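The structure appears below as structure tokens.
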Amino acid sequence: MTKPTTTPAQALDPLAAGFDTGDRTKWLALVDKAIKGAEFEKKMVSKTLDGLRIDPLYTRTDALPGTDRSAPGHAPFVRGGAGALERGGWDIRQFHSGNDAKAINEAILEDLAGGASSIALHIGIPGAALALGENALDTALDGVMLDICPIALIAGEATPEAASELEALWASRGIANETRRGHYGADPLGALAMSGSLAEPLEDALTRSAQLAARTQSMPNVTALIADGHAYHCGGASEAQELAVMLATFVAYMRACETAGITPDKAVPKIAVALAAVADQFLTIAKLRAARRLVWRVADAAGAGDAAGKVQLTAVTAWRMMAKRDPWTNILRTTIACASGALGGADAITVLPFTYALGKPDAFARRVARNIQIVCKEESNLGRVADPAGGSWFIEKMTDDLAKAAWGLFQEIEGKGGMAKALLAGFVQDKIAETAAARAKAIATGRSELTGVSAFPILGDDGVSAEPFPAQTSKPDARPVTAPSLTLARLGEPFEALRDAADVHEAATGQHYEVFLASIGAVIDHNIRSTWIKNYLAAGGIAATMSDGYASAIEAATAFRASGLSAACICSSDALNAEHAEATAKALKAAGAKLVLMAGRPGDKDAALKAAGVDQFLFAGADAVATLAALQQRL
């Protein structure tokens with residue numbers, strides 16, 4: 001008897017011995033059968049807003065050379081920085097904003113007792129944040145063990161002053177330089193992009209920020225500057241754009257430090273990096289991994305490659321993905337984003353509370369935010385393994401693609417004279433605005449869905465409210481530096497505006513927008529389309545009167561007349577619409593309908609259906625925001 005031959009894979013896994021070795025050609029044949037001859041590229045391949053390709057299947061042939069030999073904590077640090085194995089997980093950072101120092105102190109102590117390990121503190125904006133020079137910082141941090149709890153300042157243009165106050169507080173409490181832990185967060189270029197102006201010449205702002213890097217050289221656990229990509233993400237940046245502007249900002253701050261006499265190996269660890277974490281877990285993981293590779297590349301070119309492993313990378317769950325309507329879905333979004341940040345190797349993660357888009361988070365919202373991190377870290381043990389996504393052919397390929405796309409845009413920015421000149425000329429802002437417009441169009445046309453906002457919205461009160469954030473009380477004087485500002489917007493704002501308009505209408509008239517659904521046939525015939533149109537209308541604050549269906553046009557018209565409504569929508573399968581829609585439209589008009597809609601495309605019956613009384617066709621792929629706004633006016 002001859003001994004059967006086995007492949008290496010079968011030898012390693014006896015379970016595979018009974019199966020044929022995978023073959024891409026056979027797989028493609030099966031795919032072609034499943035998609036019934038449709039074009040593979042259109043049906044099975046998708047692309048990011050950066051134009052990066054996402055294939056349905058990745059194999060060993062997609063593996064990148066060298067990734068099997070890369071190790072966490074070693075250049076190019078794609079698999080994590082120098083502390084990737086030692087830190088035992090990431091820093092759970094809780095964000096606090098407000099102008100009541102005592103209330104903030106209570107919230108901070110509650111968060112720290114509940115599992116948070118560091119604090120991000122909003123300070124220096126009159127009225128909207130903790131005040132400077134009034135012992136507010138001392139009060140807010142009363143009882144906080146500053147030798148073990150890092151404090152990250154979010155102070156905008158007031159960062160140098162806020163940093164001085166924090167240093168004075170450390171000194172008053174006897175915290176030695178080597179045990180101080182914190183992040184000053186100086187980011188004058190980010191402040192310029194966000195607000196469109198600065199209160200001092202840009203060169204002076206960069207010089208003052210670089211001086212912070214010089215002051216913190218004796219503080220090994222304190223960073224001075226931050227290259228914050230999340231700020232641009234709020235303005236609509238894609239993943240590659242966010243990486244590119246982060247990198248261009250990082251290089252600008254390295255140059256500012258060099259001008260101040262700080263060598264690259266001393267400057268690089270003093271510049272932290274922040275990026276947005278979104279609900280697309282794969283893109284987030286790849287983006288964070290690509291960030292470390294990009295930072296290493298510029299640091300290495302400056303002779304400070306080893307120092308790149310010390311750069312602190314913070315992930316913040318994206319502000320722009322947060323929704324006001326049905327904010328409970330934000331818990332799902334931020335949970336996925338938090339896990340993605342952890343799997344991508346973030347050193348610190350900030351989870352925005354689920355009510356953040358509504359206003360100041362209460363104790364419950366803050367508890368949910370920190371518990372998301374605790375579950376990911378302590379129960380799911382996501383921080384116990386360095387770079388768990390490493391080796392995945394898809395993640396490795398997307399990391400490489402993102403790094404290359406970001407590097408190309410970074411070179412364009414450098415070609416404009418660097419980040420500062422690119423911002424002053426509006427180059428970066430224009431690039432991001434184009435991407436934001438494309439994304440908004442995809443959401444409006446249904447190619448990209450927002451759960452609870454544009455898809456499966458819930459009408460009525462969702463039971464969630466929040467106290468508004470305090471507003472800035474002083475208006476800036478004439479400012480010496482101006483630039484086009486980023487247009488900051490959350491993804492769901494256009495649909496939320498429709499819902500707000502519907503609420504105003506109901507408050508003024510005592511009646512909500514409502515459409516009668518003339519569903520022809522049995523439930524099995526019309527359920528898919530009836531459910532779609534119900535959700536479609538609800539995204540614009542318009543209710544739909546549902547039923548099990550009507551056997552005839554006359555029966556549907558009779559029910560419509562009894563409803564007392566003025567608008568109706570014909571909805572059923574394409575086959576039943578083709579057979580009954582004309583008669584139903586005539587019957588509805590005869591029953592007093594002032595507006596007759598039809599869910600579905602008319603096909604070659606457009607003229608006949610319009611002649612029968614159909615005023616408008618509603619179908620996927622059209623601009624839902626514009627369509628629903630017009631419907632509100634007609635209703």
Side-chain angles (χ1 to χ4, degrees), residues 320-330 332-333 354-359 439-466 468 489-519 528-547 560 563-571 588 593-600 614-635:
R320 80 179 184 205
M321 74 178 179
M322 303 295 278
K324 280 186 176 181
R325 298 285 176 162
D326 192 12
W328 302 106
T329 56
N330 292 331
L332 302 177
R333 296 183 179 101
F354 75 100
T355 59
Y356 192 76
L358 293 168
R439 183 184 295 105
K441 182 178 179 180
I443 293 171
T445 55
R447 288 187 288 115
S448 179
E449 294 184 333
L450 305 176
T451 303
V453 179
S454 66
F456 308 107
I458 299 174
L459 290 178
D461 185 5
D462 51 36
V464 183
S465 60
R490 290 177 297 101
L491 301 181
E493 286 185 21
F495 286 96
E496 290 171 354
L498 293 172
R499 297 289 298 276
D500 291 343
D503 288 347
V504 170
H505 168 79
E506 184 172 359
T509 65
Q511 296 180 333
H512 57 261
Y513 293 125
E514 189 168 3
V515 171
F516 176 89
L517 296 192
S519 305
I528 293 177
R529 187 152 281 164
S530 294
T531 301
W532 176 82
I533 194 63
K534 173 180 176 290
N535 287 318
Y536 183 91
L537 294 172
I542 303 170
T545 302
M546 303 280 286
S547 70
F560 168 75
S563 72
L565 298 174
S566 62
C569 181
I570 303 166
C571 57
L588 289 170
K594 296 180 180 179
L595 177 64
V596 174
L597 309 168
M598 190 182 104
V614 176
D615 298 296
Q616 187 173 353
F617 302 98
L618 305 177
F619 47 84
D623 187 328
V625 174
T627 299
L628 291 168
L631 274 180
Q632 284 187 353
Q633 294 297 318
R634 299 185 75 172
L635 289 171

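Note that the structure is predicted; figures quoted are calculated from it, not measured.
- Side-chain contact check for Q633 versus L628: every heavy-atom pair is 4.5 Å or farther apart.
- Of all non-hydrogen atoms in T445 and K441, the two that sit nearest each other are OG1-O, 2.7 Å.
- Minimum interatomic distance between G540 and A502 (heavy atoms only, all atoms of both residues): O-CB, 4.1 Å.
- Side chain of E514 to backbone of I542: no donor-acceptor contact under 3.5 angstrom is found.
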Evaluate the side-chain contact (heavy atoms from CB on, under 4.5 Å) criterion for residues R529 and K534: first the C-alpha distance (whole Å), next the side-chain angles of each, then the deciding distance (0.1 Å), finally the verdict. CA-CA 8 Å; R529 187 152 281 164; K534 173 180 176 290; over 6 Å; no

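- Between Q616 and T627, the closest side-chain pair of non-hydrogen atoms falls below 4.5 Å.
- Annotation: the span from R634 atom CZ to K594 atom NZ amounts to 13.0 Å, rounded to 0.5 Å.
- Contact check for H512 versus D503: no side-chain heavy atoms found under the 4.5 Å cut-off.
- Between the side chains of S547 and S519, not a single donor N or O lies within less than 3.5 Å of an accepting N or O.
- Interatomic distance, CD1 of I533 versus CZ of F619, reported as 11.0 Å (0.5 Å rounding).
- Considering every non-hydrogen atom in both L635 and A567, the closest pair reads CD2-CB, 3.5 Å.
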Should L618 and M598 be marked as a side-chain contact (heavy atoms from CB on, under 4.5 Å) after you check the CA-CA gap, both sets of side-chain angles, and the distance that decides it? CA-CA 6 Å; L618 305 177; M598 190 182 104; over 6 Å; no

As a quick check of understanding, evaluate side-chain contact (heavy atoms from CB on, under 4.5 Å) for L459 and R499, giving each step before the final call. CA-CA 9 Å; L459 290 178; R499 297 289 298 276; 3.9 Å; yes

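- The two atoms that bring N330 and M321 nearest to each other are OD1-O, 4.0 Å, heavy atoms only.
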Under the side-chain contact (heavy atoms from CB on, under 4.5 Å) rule, what do L597 and L595 come out as? Steps first, then yes or no, please. CA-CA 7 Å; L597 309 168; L595 177 64; 4.0 Å; yes

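- Between K324 and D462 there is no salt bridge, since no side-chain nitrogen of the basic residue lies less than 4.0 Å from a carboxylate oxygen of the acidic one.
- Annotation for I528: atom CD1 does not count as buried by contact number, only 12 or fewer foreign heavy atoms lying within 6.0 Å.
- Residues V464 and T355 form a side-chain contact, since some pair of their non-hydrogen atoms from C-beta on lies under 4.5 Å apart.
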Verdict with reasoning, T329 to T451, per side chain to side chain donor-acceptor pair (under 3.5 Å): CA-CA 7 Å; T329 56; T451 303; over 6 Å; no

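- The aromatic rings of F516 and F560 stand perpendicular to each other, their planes meeting at an angle above 60°, with 30° marking the opposite boundary.
- Taken to the nearest 0.5 Å, the OH atom of Y536 stands 10.0 Å off from the SG atom of C569.
- Note: F354 CZ to R333 CZ = 12.5 Å, rounded to the nearest 0.5 Å.
- What you find for L517 and S530 is that their closest heavy atoms are CD1-O, 4.0 Å.
- No more than 12 heavy-atom neighbours from other residues, nucleotides or ligands sit within 6.0 angstrom of CZ on F456.
- P327 and L358 make their closest contact through CG-CD1, 4.1 Å (heavy atoms, listed as atom of the first residue, atom of the second, distance).
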Kindly indicate, with the supporting measurements, whether the criterion salt bridge (charged side-chain N to carboxylate O under 4.0 Å, His left out) is fulfilled by E496 and R490. CA-CA 10 Å; E496 290 171 354; R490 290 177 297 101; 2.8 Å; yes

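- E493 CD to I443 CD1: the interatomic distance, rounded to the nearest 0.5 Å, is 11.0 Å.
- Using a 4.5 Å heavy-atom threshold, the side chains of T545 and S563 count as separate.
- Here the CD1-CG distance, from I458 to N535, works out to 10.0 Å after rounding to the nearest 0.5 Å.
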